[in-house]
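Step one of this worksheet: look at the structure below.
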Amino acid sequence: MSSDSTRRALLGRAGGFLAAAGFANRVQAATEPQSAQDYYDKLGVTKIINAAGTYTILTASLMPPAVQTAVAEAAKRPVRLLELQTKAGEYLARRLRCEAAMVTAGASSALTLGTAACIGVMNGSPIQAVPEKVPGLPKNEVIIQKAHRYSYDHAIENCGTRFVEVESLDDYQKAVSERTVMAHFFNAAEGGAIGREDFIRVAHQHSVPCFNDAAADVPPISNLWNYTQMGFDLVTFSGGKGIRGPQNAGLLLGRKDLITVATATNNPFDEGVGRGMKVAKEQIVGMVAAVDWFLSQSDQEMEAEFRGRADRICAEVKKIPTLQSSIVVPAVANHVPHLLLRYDQQRVKMTPLEVAEKLRNGHPSIELNPSTGRREGSAGLHSDENTIVVGVWMLEPGEDVIVGRRLYQVLSAAV
Ligand SMILES: *Cc1c(COP(=O)(O)O)cnc(C)c1O
């Protein structure tokens, strides 16, 4: 038998079997209620308590119930993708007080799409030219402060750009040329002599668009419009960090002409550099719902809640000899209270890294902030070999006490 006739025969037989067994109408409606099955258990994946923060490697944040519901509802009906993208963008622009907005597949994706848009607009070239035809284009340089170079550079270089590094304001003024397509600012950078306003001003003197990567920089909630209103032409936020949307969503906010081109670079169009950065209806709706949720919060209430969690953890561990606690709020990224615990390792004979390992391997499995026991720190958290860092903002209700008790158990066993 040819393979085709084999397939037909098999299909025929299977069809008859299904009908006979009464399975023919078991194709379920997408809207039919389902009881949930725990796929983490099914796959044998360990569920964790996130006492770290919004780290990508730990699946960042959990969506609040209202956002989870919005995602589940969106999954039940097909829509026209372009209409959803357009209307979600218009709604977000209104709520976030900017000219235009789009939902991207994360902040990293927004960097690529935004850069592609700057290349397209500055060269007056079709978006299909990015990146493979860029070397032949007159303009492909992105200006950045040396201290702002970071691991997300690649998202910009994907478009075929070349970085031009500057240090002083004077350098910067001299570096802008007819080849410049964009000036890029890393909002949470700890170094760099040129401030935001000056960075924007010089770019605009030369009609160069200015991008600000503020991916991890809410709260405060008002940052969602502070930087576009300051004059940045493009600003990105990660959707799955403080805003608590889907992990693979993000926001690109800013100038309408640039956002329009960025949108044309993305799915469902086949020819742009962003075609592989697909954002499904569930993530678009989830991102919009997360923005609604986030705007309904208050900075003061969130901060009070996080300090309360830190206090409850401290109450559990206060009997550990020599233990000292403090609360640190990083300046820009992850700008929420973090709990720092220090102790004398002569009295408590265990390093913070060993504590982190014991919590990771315990039940329940707990992840402390990755700055724990490390001098290089993480995201504005300055730690050292003697410090345990607890990121409290991603804890679920009741988990603060669990983390406190596990810390007490592990530390008291080493006294
Ligand atoms: C997290 C982060 C990103 C990437 O965000 P995703 O939404 O995960 O793509 C980009 N830039 C900075 C500064 C970040 O902190």
Side-chain angles (χ1 to χ4, degrees), residues 50 52-63 67 92 96 101-116 142 144-145 147-159 161 163 182-192 196 199 210-220 223-224 226-227 232 234-254 262 265-267 273-274 276-280 282-284 286-288 290-291 294 330-336 338 369-371 376-381 391 393-394:
N50 182 356
T54 60
Y55 293 92
T56 300
I57 200 166
L58 301 175
T59 63
S61 60
L62 290 180
M63 295 183 282
V67 181
L92 288 169
L96 302 179
M102 73 180 287
V103 179
T104 64
S108 197
S109 154
L111 292 175
T112 304
L113 298 178
T115 304
V142 173
I144 190 166
Q145 296 186 69
H148 288 215
R149 293 299 300 264
Y150 62 165
S151 50
Y152 296 99
D153 285 351
H154 216 107
I156 294 168
E157 290 175 319
N158 277 353
C159 297
T161 55
F163 281 112
M182 189 174 104
H184 187 61
F185 197 92
F186 170 26
N187 198 51
E190 290 180 54
R196 294 180 187 84
F199 202 73
C210 205
F211 200 145
N212 187 8
D213 178 356
D217 305 344
V218 289
N223 274 357
L224 288 174
N226 284 344
Y227 301 121
F232 282 104
L234 291 172
V235 179
T236 182
F237 294 93
S238 182
K241 293 181 178 170
I243 307 172
R244 292 181 61 183
Q247 193 188 3
N248 59 344
L251 295 170
L252 181 62
L253 312 175
T265 309
N266 198 12
N267 124 96
V273 71
M277 302 173 187
K278 186 184 285 176
V279 193
E282 293 83 0
Q283 280 73 54
I284 296 174
M287 188 72 248
V288 172
V291 166
F294 194 59
V332 184
N334 305 307
H335 182 66
V336 289
H338 288 65
N369 186 278
S371 302
E376 58 281 24
S378 142
L381 281 165
W393 63 319
M394 291 297 127

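Just follow the structure's listing: the first ligand is 1, and inside any ligand the first atom is 1.
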Review point. Heavy-atom distance under 4.5 Å between the side chains of Phe237 and Met287, does that happen here?
Key: no
Heavy-atom closest pair (Pro330 atom, Leu381 atom, distance to 0.1 Å) is CG-CD2, 3.8 Å
Assign the ring pair Phe185 / Phe232 to parallel, tilted or perpendicular, where the plane angle (0 to 90°) is split at 30° and 60°.
tilted
Min over Phe186, Phe237, Tyr152 of heavy-atom distance to atom 4 (C) of ligand 1 lands on Tyr152
Practice item. Please examine the side chains of Phe163 and Glu157, heavy atoms only from C-beta on, and report whether any two atoms are closer than 4.5 Å. Key: yes
The closest protein heavy-atom partner of atom 11 (N) of ligand 1 is Asp213 OD2, 2.7 Å
To the nearest 0.5 Å, atom OG1 of Thr59 lies from atom CG of Asn248 at 12.0 Å
In this structure, atom 7 (O) of ligand 1 is nearest to the protein heavy atom Ser238 OG, 2.6 Å
- Query: Heavy-atom distance under 4.5 Å between the side chains of Met182 and Thr161, does that happen here?
  - Reply: no
Q. Does ligand 1 have an atom that lies less than 4.0 angstrom from a heavy atom of Lys241?
A. yes
For Gly106, the atoms of ligand 1 under 4.0 Å from one of its heavy atoms are 7 (O), 9 (O)
In ligand 1, the atoms that come under 4.0 Å of a heavy atom of Ala216 are 15 (O)
Per-atom filter on ligand 1: closer than 4.0 angstrom to a heavy atom of Ser108 are 4 (C), 5 (O), 6 (P), 9 (O)
Nearest non-hydrogen protein atom to atom 6 (P) of ligand 1, with distance, is Ala107 N, 3.4 Å
